[in-house]
Amino acid sequence: RANATFYRASAGVFAVLILTRIENVILGIVTSLSRDEAPVLALPNRSSWANVSFDTGVGLQMTSGSSVTAIRSDCPSSVTKFAQIIKILSVIYRLVQSNSYATKRDIYYNSTQLFGSQTAVDNIVDDISCMLKIPRRSLHVLATSKGLISGDLCYIEEDGTRIDCHSSANAVAVSSNIGGIRNIVSSAKFVLIVEKDATFQRLLDDNFCAKLSPCIIMTGKGVPDVNSRLMVRKLWDILRIPIFALVDADPHGIEIMCIYKYGSVAMSFEAHSLTVSSVMWLGLLPSDIQRLQVPRDALIPLTKRDESKLNSLLKRPYLTTQPHWQKEMELMQQTKVKAELQSLAAIAPDFLTSIYLPNKLRYGGWV
């Protein structure tokens, strides 16, 4: 009970901080108007590598003196964005004040004419989070999760619902309020992040978690959303068990794994709560393709786009700390081929779940 009281009190203090920061933004606008000046909002630039530094413990994080983009109210190219930001600030203000929540979808449908697209809302919510230096989930705006989770895991959602992820047939949707999850109970030996939904479903169908050893499997269905990343981080913070990534042996798969481990440029302002630096690359490794002699016709030649993605990945600041990853990527550069996890079925239909993964996990074939 004492904990709950403390939690409520600190949440109250935080709410006052958010409201004050929004009031300061509005005050700036009113002050400009009173001086007959056109109001301008300064947004940190979230798309530039120049604004990001790499810290081995945290991953990619936004630097304090990062450049800003001016959103002017008197300029035809930015006036709409200016109006959209003010609108969403007013929605957040009301939500925090009344201690209620809305989804990004709710906000979009509230003013479809103004926003024009769901993506515009998503981006502005992240911009506001970055501008106010407040994590998005603390702004009382939730995003529907696309991730799925299954395995040896039970927890209680903020509203008191008890979630059990043990069912082998169906996965559980990742919560849209990770911060509210409590009472996590698990005897899992590891967490396996799976890049694609199809591979994840395959592991479910083969009852992978029960067969091998108690474990948790999870997918963000490709490039992970913030909730999937928060969930991996929460599991790491509480369980402190190995976290492995199972991705295609291609530049896209490697980049997805890097997002879980090191973060992304766009969300670098929240890196400290989103990244898990202990993530290990379990497979599919380019060296596995050679070692297992995956049939040639199951491999795909690298496209020009793949090659430039691979080159840019190799130049990223965090790869200097990962010589083994570098080596694997250089091997991909030399062989000029990529392979999907499904290519292992060319060796044997159940090769992935019956042979490849059990051997990797038993004998330590990760980097």
Side-chain angles (χ1 to χ4, degrees), residues 7-48 51 61-143 176-177 179-180 226 266-274:
Y7 181 75
R8 272 197 304 276
S10 57
V13 171
F14 205 46
V16 171
L17 175 74
I18 297 166
L19 297 175
T20 307
R21 287 189 183 174
I22 294 175
E23 285 162 8
N24 288 339
V25 172
I26 303 304
L27 190 63
I29 292 170
V30 172
T31 307
S32 296
L33 291 169
S34 69
R35 293 182 186 145
D36 275 342
E37 292 165 6
V40 178
L41 292 170
L43 292 185
N45 186 338
R46 293 191 301 116
S47 61
S48 163
N51 282 342
Q61 55 179 350
M62 192 169 265
T63 50
S64 51
S66 53
S67 64
V68 292
T69 309
I71 308 295
R72 303 188 60 86
S73 58
D74 61 346
C75 170
S77 65
S78 63
V79 66
T80 306
K81 186 161 186 180
F82 187 92
Q84 292 168 338
I85 294 170
I86 300 303
K87 173 68 180 170
I88 294 181
L89 279 171
S90 74
V91 171
I92 291 170
Y93 194 87
R94 280 200 303 276
L95 290 171
V96 174
Q97 227 176 10
S98 60
N99 194 22
S100 49
Y101 288 82
T103 65
K104 291 197 281 191
R105 214 168 165 69
D106 296 334
I107 295 174
Y108 168 62
Y109 282 112
N110 180 345
S111 303
T112 48
Q113 284 319 147
L114 173 63
F115 296 117
S117 74
Q118 181 69 60
T119 317
V121 174
D122 299 353
N123 284 329
I124 286 170
V125 170
D126 287 340
D127 281 336
I128 287 173
S129 169
C130 188
M131 174 174 76
L132 300 177
K133 296 187 171 54
I134 301 284
R136 190 197 67 204
R137 56 207 169 278
S138 303
L139 299 176
H140 289 237
V141 177
L142 303 173
S176 55
N177 188 356
V226 169
M267 293 299 289
S268 57
F269 65 95
E270 270 207 57
H272 53 89
S273 63
L274 284 173

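The figures that follow rest on heavy atoms only: side chains count, while hydrogens, waters and symmetry mates do not. FYI, the numbering just counts along the sequence from 1.
Of all non-hydrogen atoms in Leu27 and Thr31, the two that sit nearest each other are O-OG1, 2.7 Å. The two residues Val40 and Ala70 have their closest heavy-atom pair at CG1-CB, 3.8 Å. Contact between Ala120 and Gln84 at its shortest, heavy atoms only, is CB-NE2, 4.5 Å. When every heavy atom of Ser111 is checked against every heavy atom of Lys87, the shortest pair comes out as OG-CE, 3.2 Å. Closest non-hydrogen pair, Ile124 versus Lys81, comes out as CG1-CE, 4.2 Å. Residue Pro39 comes nearest to Ser73 through the heavy atom pair O-OG, 2.8 Å, listed as atom of the first residue, atom of the second, then distance.
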Exercise. Given the rule in the side-chain contact (heavy atoms from CB on, under 4.5 Å) test, do Ile22 and Ile128 qualify, once you have shown the distances and angles that lead to the verdict?
Worked result: CA-CA 9 Å; Ile22 294 175; Ile128 287 173; over 6 Å; no
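In this structure, Asn123 CG and Gln118 CD are separated by 10.5 Å, a value rounded to the nearest 0.5 Å. Distance check, rounded to the nearest 0.5 Å: CG of Leu142 to CZ of Arg105 gives 14.0 Å. Taken to the nearest 0.5 Å, the CD1 atom of Ile18 stands 5.0 Å off from the CD1 atom of Ile134. To the nearest 0.5 Å, atom CD1 of residue Ile29 and atom OG of residue Ser34 are 12.0 Å apart. Here the OH atom belonging to Tyr93 is positioned 5.0 Å from the CG atom belonging to Leu19, to the nearest 0.5 angstrom. Between Ser90 atom OG and Ile26 atom CD1 the span is 8.0 Å, to the nearest 0.5 Å.
A donor-acceptor pair under 3.5 Å is absent between the side-chain atoms of Ser32 and the main chain of Glu37, judged by distance alone.
Remark: of the listed residues Leu17, Leu89, Ile92, Leu89 is the sole one forming a side-chain contact (heavy atoms from CB on, under 4.5 Å) with Leu132. Results of the side-chain contact (heavy atoms from CB on, under 4.5 Å) test with Val141 over Val96, Val121, Ile107 single out Ile107 as the only residue that passes.
Taking the side chain as every heavy atom from C-beta outward, Leu95 and Leu139 never approach each other to under 4.5 Å.
Side chains of Asp106 and Thr103: a donor-acceptor N/O pair is present below 3.5 angstrom, by distance only.
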